[in-house]
There are 2 protein chains.
Amino acid sequence: MARRTAEEAEQTKQAIAAAAKQLFIQQGYQATSMEQIRESSGMSKGSIYYHFKSKEQLFMYLLELNMVDWIYKCTERFKLASTATEKLYAIAHHFAHDFENPLMQASMEFSGTKGADPEVIEKIVEMSKFPLPLILDVIQEGIKLKEFAEDDPEKLALLLYSILGGLGIIQFDNYSLEEIESIHRKAIDVFLNGIRA
Amino acid sequence: MARRTAEEAEQTKQAIAAAAKQLFIQQGYQATSMEQIRESSGMSKGSIYYHFKSKEQLFMYLLELNMVDWIYKCTERFKLASTATEKLYAIAHHFAHDFENPLMQASMEFSGTKGADPEVIEKIVEMSKFPLPLILDVIQEGIKLKEFAEDDPEKLALLLYSILGGLGIIQFDNYSLEEIESIHRKAIDVFLNGIRA
DNA sequence: CATTTATTAGAACGATCGGTCAGTATAATT
DNA sequence: AATTATACTGACCGATCGTTCTAATAAATG
């Protein structure tokens, strides 16, 4: 078998991407081999390299998709929130359910890779911070509308980002989704209480 | 050259350990090769494997040293602190200066390693959480002494640990040590303000 | 001084890595 | 129908991985 229709080819590409994403999430970037991706996707080595010119590029492709999706979902949630406070809870909820997003871990690990193309590294580092501007916006809005006390918005944004990022990285081995959500909500509770006007 | 005195042999071991530690911190576990460690330490392959039976064991050795050192320094700082509040600032200060400690990142990455000995993985995962009990103690003390409001201490400890861990993982590319410290202090400010009795 | 033993060096190992390539089959185009 | 472009296969590549092994050297031991 060879030469599928354009549509089928796209399916192949997505099958590879899906398998790769799952493996990168489970094992990280370096621990995942192209051979594993081949096996898991059911496609051949050649097919993978036909659709993606390298492991790095495949990883970047996934990160970009992920980022777009994340931002879209987040802005969708924002439409339902009327106050900055509500928006922060929305972001936290988003992070808590972000078992689909932990590519962030893999991307942080990636930076250390030896032979990696510096250009790709830079892009990935930059990309890993994509939620920051969104958070900054909300905090600036909250301060402007007197929901939050006057303070350095950049610092607060970085802090909240670290909180949520940190929560996402913790090993929640024995915790249920409920408990995880609960801790994320608690994080926002404490954070809000700490910065309230 | 061969066969040094016991003292010199220990120096060799520590030179290897020091080189390995720096590389693990800079590049992560998997991205660091034994060949790099050999080159950086100036020792031979044989010497490395004479002192450490495997890469995994070398890594574990570093983690254990690191943990002991961390806990010692932290309890030393605690002696200077009279209130739970002060102790929290001490912990934050400790995390902020923990450019020597980010083995935590490497250990989190390690868990994903493929062929890794499950026993070693378990030990490492467990070890990566070592600051938690310390934090929990301080928070329980703070609640008991009415410094902090009544609340679930476990949840708060996990939250603070996530905050500090998250701050430690953020890419502070363009930030000075001053700014990093400042953000860590801010983290405690907000956290304390959020849980204050 | 002779022997043993601890410590180092470095060549070599099999396994696996990311990546390439010649070849094939079929859809699309002419 | 003939040709071209696309989608895919799987064997293969050199490099590098963690690890092992043999030999050499010198401290320790008697």
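Labels below follow one simple rule: chain letters A, B, ... track the order of the sequence lines, proteins then strands, and each chain is numbered from 1.
- Between A/Tyr50 and B/Ala31, the residue anchored nearer the 5' end of DNA chain D, judged by the nucleotide with its closest heavy atom, is A/Tyr50.
- Counted within 6.0 Å of CD on A/Gln14, heavy atoms from surrounding residues, nucleotides or ligands total more than 12; the atom is thus considered enclosed.
- Between A/Glu8 atom CD and C/dA28 atom C1' there is a gap of 14 Å when expressed in whole angstrom units.
- To the nearest angstrom, P of C/dG19 lies 8 Å from NZ of A/Lys55.
- In this structure, A/Glu39 atom CD and C/dT16 atom P are separated by 12 Å, rounded to whole Å.
- Closest to the side chain of A/Arg4, from the set D/dA7, D/dC17, C/dG10, is D/dA7.
- Dashed line: the shortest gap from a side-chain N or O of B/His51 to OP1 or OP2 of C/dA6 is not under 4.0 Å.
- Rounded to an integer number of Å, the gap from CE of B/Met43 to P of D/dT19 is 20 Å.
- Separating the CD1 atom of B/Ile16 from the C1' atom of C/dT8 is a distance of 10 Å, rounded to the nearest angstrom.
- Contact annotation for B/Ser33: backbone-only contact, meaning every heavy-atom pair under 4.0 Å involves sugar-phosphate atoms and none involves a base.
- Between B/Ser47 and A/Tyr29, the residue anchored nearer the 5' end of DNA chain C, judged by the nucleotide with its closest heavy atom, is B/Ser47.
- Remark: P of D/dG18 and CD1 of B/Ile37 are 8 Å apart, rounded to the nearest angstrom.
- Side-chain contact between A/Ser107 and A/Met127 is absent, with no heavy atoms from C-beta onward closer than 4.5 Å.
- For B/Tyr49 and D/dC17, the OH to C1' distance is 9 Å, given to the nearest whole Å.
- Rounded to whole Å, the distance from CE on B/Met34 to P on C/dG14 is 20 Å.
- Side chains of A/Asp189 and A/Tyr89: a donor on one and an acceptor on the other come within 3.5 Å.
- Between B/Thr12 and C/dT7, a side-chain N or O to OP1/OP2 separation shorter than 4.0 Å is absent.
- For B/Glu154, the CD atom sits in a loose shell: 12 or fewer heavy atoms of surrounding residues, nucleotides or ligands are nearer than 6.0 Å.
- Residue A/Ser54 places its side chain closer to C/dG19 than to any other of C/dT8, C/dG19, D/dC8.
- Between A/Arg38 and A/Glu35 there is a salt bridge, since a side-chain N of the basic residue sits under 4.0 Å from a carboxylate O of the acidic one.
- Base contact: A/Lys45 has a heavy atom under 4.0 Å from a base atom.
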